[in-house]
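What follows is one structure encoded as structure tokens, with my remarks underneath.
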Amino acid sequence: MSPYAAGRRSVHRSVAAGVPLALLAALTVAGTAVGAPSGEARVTGSATLGDIPLGTFSNALLPGTVGDDRGVDLGGIGSDIYPAGRKGEFWTVTDRGPNGQIKVSGEKRRTFPVPGFDPAIVGIRVSGGTVKVLDAIPITTSSGKPVTGLSNQKGRDEAPYSYDASTPLSYNPNGLDTEGIVRAEDGSFWLVDEYGPSLIHVSARGKILTRYVPKGLGLTGADYRVIEALPAVLLHRKINRGFEGLAQLPGGDLVMAVQSPLSLPDTGAGEESLTTRLLRFSTKKRAVTAEYAYRFDPVNVVDPSEDDTSELKISSVVAVGRDRLLVEERTDKAARLQVVKLTRGADILGDKWDDDTTSPSLEQLDDPAASGVPVLRKRLVVDLGTVKGVPGKIEGVARVDHDTLALINDNDFGMTDGPEAFDAQGRLVDSGIETTVTYVRLPRGI
């Protein structure tokens, strides 16, 4: 056990369950419903994950991966949530691990305080006010090594640094910044990643089978199969804003959401744009079969306290019918859920908008529909920013039934940016933000 785990709960491997880890530690909090007028969306319950030392968690999965967790607890599992089949049980996935930013000589450096952390698929059960970790599956390479969450490519991804931004770390072509998750009928998982951006097929045991990346990415040195099968235009993804949402349609097709507008033709255009993209991927053909233009609402509509358009993101997409999708538009403080229908007439795959020499680009159009772009039509289902009891930074949404959603937030492992994130001994100064699963009931369903 980590020497910094004194007084914190222990973690035990489950052999009988046939999974890498079963964690029974959790923190119980009141799971009472938050009142709301009849006819309005309301929170019907919430549950919180307790303190599980990150070193203990990681080393139980892959011994020796974390030497010093710097006082960080397990968190970040709110990157997505997907129903596991039993009432109150879900699959979740961590992102790349604890990370932050510190300015050095006026430039921001990306820090990785626990560089040995390996992203994991985490099975949870929500019971009353408690989130219990049932299973945990480390994501590994073909030879069973940890992928880590470190940046892939110099010049394309942010340079990785130590917790205090003083020491450069090595890039890792295996590294993943995992986000969305779904589970296939055969028990394997599909994940998306922000670095590539990538779509990743993972075995039931967590071993990467294939990583699908944009054409022309040129990722070399990975210890698993990499296939350039996604449109090359995705090479223009904004840093740290690749794929974040992933949905599985009833027929087995997947839909991936680019978190933010592409930086096309440049960073400024992406920062000001309201247009991002969804891609449909056939798991049978192993190819992208459609692409759609998705238009954000103005940022002050999504979040009345925000005026920076670049804060808009899609963090979750959920299938709610054969070709219908629930899409989460958010900032870190507010979120709205929209329904769209994926129609053949809205497909722009292979059109001029996939050519990065097209001028103006799709992202530069003030009114894409007026320029002949078949933008997806959407309908507002719920403004979560007006629902009392919903936490900030919701990144995962799951449909529990016709009327109920399960939401999960990303607590960033309790980290904040800046040198004050760690004390003089290099221990985390925890933000106090917990990982919480929140149930919301919709009066009119979806």
Side-chain angles (χ1 to χ4, degrees), residues 11 13-15 17-23 54-69 74 76-77 79 91-99 112 114-123 135-154 156-157 160 168-184 186-215 217-230 242-243 246 283 286:
V11 181
R13 182 179 300 273
S14 170
V15 178
V19 294
L21 185 70
L23 301 176
L54 192 58
T56 304
F57 174 85
S58 297
N59 291 326
L61 294 174
L62 296 170
T65 50
V66 173
D68 183 355
D69 64 13
L74 174 65
I77 67 171
S79 287
W91 291 107
T92 67
V93 64
T94 70
D95 58 17
R96 57 185 166 180
N99 68 94
F112 290 81
V114 190
F117 173 76
D118 188 58
I121 295 165
V122 183
D135 308 326
I137 304 169
I139 301 171
T140 62
T141 69
S142 296
S143 59
K145 298 178 181 178
V147 297
T148 81
L150 294 170
S151 307
N152 291 169
Q153 296 174 299
K154 185 176 181 179
R156 176 168 172 77
D157 302 315
L169 302 176
S170 298
Y171 288 84
N172 183 0
N174 293 316
L176 297 174
D177 186 1
T178 44
E179 296 294 342
I181 182 172
V182 300
R183 197 181 194 195
D186 64 3
S188 63
F189 296 92
W190 291 90
L191 311 170
V192 287
D193 152 79
E194 296 213 57
Y195 284 142
S198 317
L199 173 67
I200 308 133
H201 194 197
V202 177
S203 76
R205 290 286 187 176
K207 187 172 291 188
I208 294 178
L209 304 174
T210 309
R211 182 180 182 183
Y212 299 92
V213 301
K215 296 174 183 176
L217 180 64
L219 179 64
T220 59
D223 183 28
Y224 46 68
R225 183 169 59 172
V226 177
I227 296 179
E228 295 187 353
L230 308 182
F243 292 142
L246 178 66
T283 56
R286 295 295 198 265

query: Once you round to the nearest 0.5 Å, how far does CG of Asp118 lie from CG of Leu150?
result: 10.5 Å

Residue pair Val226 / Ala222: nearest heavy atoms and the distance that separates them: CG2-CB, 3.9 Å

Contacts of Arg225 that satisfy side-chain hydrogen bond (donor to acceptor under 3.5 Å, both in side chains) - sequence neighbours left out: Thr210

field: Heavy-atom donor-acceptor pair, Tyr195 side chain to Gly149 backbone, under 3.5 Å
entry: yes

query: Do you know which two heavy atoms are closest between Gly97 and Asn99, and how far apart they sit?
result: O-ND2, 2.8 Å

query: Any idea which heavy atoms bring Pro173 and Tyr224 closest together, and the distance?
result: O-OH, 3.5 Å

- prompt: Mind checking whether Pro119 and Val147 have side chains closer than 4.5 Å, heavy atoms only?
  reply: yes

- request: Measure the shortest side-chain to side-chain distance between Ile200 and Ile139 over non-hydrogen atoms and say whether it is less than 4.5 angstrom.
  value: no

query: Thr220: what forms a side-chain contact (heavy atoms from CB on, under 4.5 Å) with it, not counting sequence neighbours?
result: none

- line: Looking only at heavy atoms, the pair that brings Ile137 and Ala204 closest together is CD1-O, 3.5 Å

task: With sequence neighbours excluded, tell me which residues meet side-chain contact (heavy atoms from CB on, under 4.5 Å) with Ser203.
output: Arg205, Lys207, Leu209

- request: Over all heavy atoms of both residues, which pair between Val93 and Ser79 is shortest? Give the atoms and the distance, please.
  value: O-CB, 3.2 Å

message: Using side-chain heavy atoms (C-beta onward) and a distance below 4.5 Å, is Glu179 in contact with Asp95?
response: yes

message: By the salt bridge (Lys or Arg N to Asp or Glu O under 4.0 Å) test, which pairs, at least two apart or in different chains, include something from residues 189-198?
response: Asp193-Arg211

- request: Specify the closest pair of heavy atoms between Val66 and Gly55, including all atoms of both residues, with the distance to one decimal.
  value: CG1-CA, 3.8 Å

- prompt: Of the options Thr141, Asn174, Leu62, which is the one that meets Pro146 in a side chain to side chain contact (heavy atoms under 4.5 Å, CB included)?
  reply: Leu62

field: Pairs meeting criterion salt bridge (Lys or Arg N to Asp or Glu O under 4.0 Å) with involvement of residues 168-177, two or more places apart
entry: Arg96-Asp177

message: Side chains of Leu246 and Leu199, heavy atoms from C-beta outward: is any pair under 4.5 Å?
response: yes

- request: Identify, with sequence neighbours excluded, every residue that meets ring-ring contact (aromatic ring centres under 6.0 Å, His included) alongside Phe189.
  value: Trp91

message: Taking side-chain contact (heavy atoms from CB on, under 4.5 Å) as the definition, give me every residue that meets it alongside Ser188, ordered by chain and number, with sequence neighbours left out.
response: Ala184, Asp186, His201

query: What residues form a side-chain contact (heavy atoms from CB on, under 4.5 Å) with Pro214, not counting sequence neighbours?
result: Pro197, Leu217, Leu230, Leu234, Leu235

task: Return the set of residues passing side-chain hydrogen bond (donor to acceptor under 3.5 Å, both in side chains) with Thr148 (not counting sequence neighbours), or none when no residue passes.
output: Asn172

- prompt: Any side-chain donor paired with an acceptor under 3.5 Å for Ser151 and Asp157?
  reply: no

- line: Rounding to 0.5 Å, atoms CG (Asp69) and OG (Ser58) come to a distance of 8.0 Å

- request: Check whether any side-chain N or O of Thr94 sits under 3.5 Å from a backbone N or O of Ala120 as a donor-acceptor pair, and report yes or no.
  value: yes

task: With sequence neighbours excluded, tell me which residues meet ring-ring contact (aromatic ring centres under 6.0 Å, His included) with Phe243.
output: none

Thr65 side chain reached by Asn59 side chain, heavy atoms, under 4.5 Å: yes

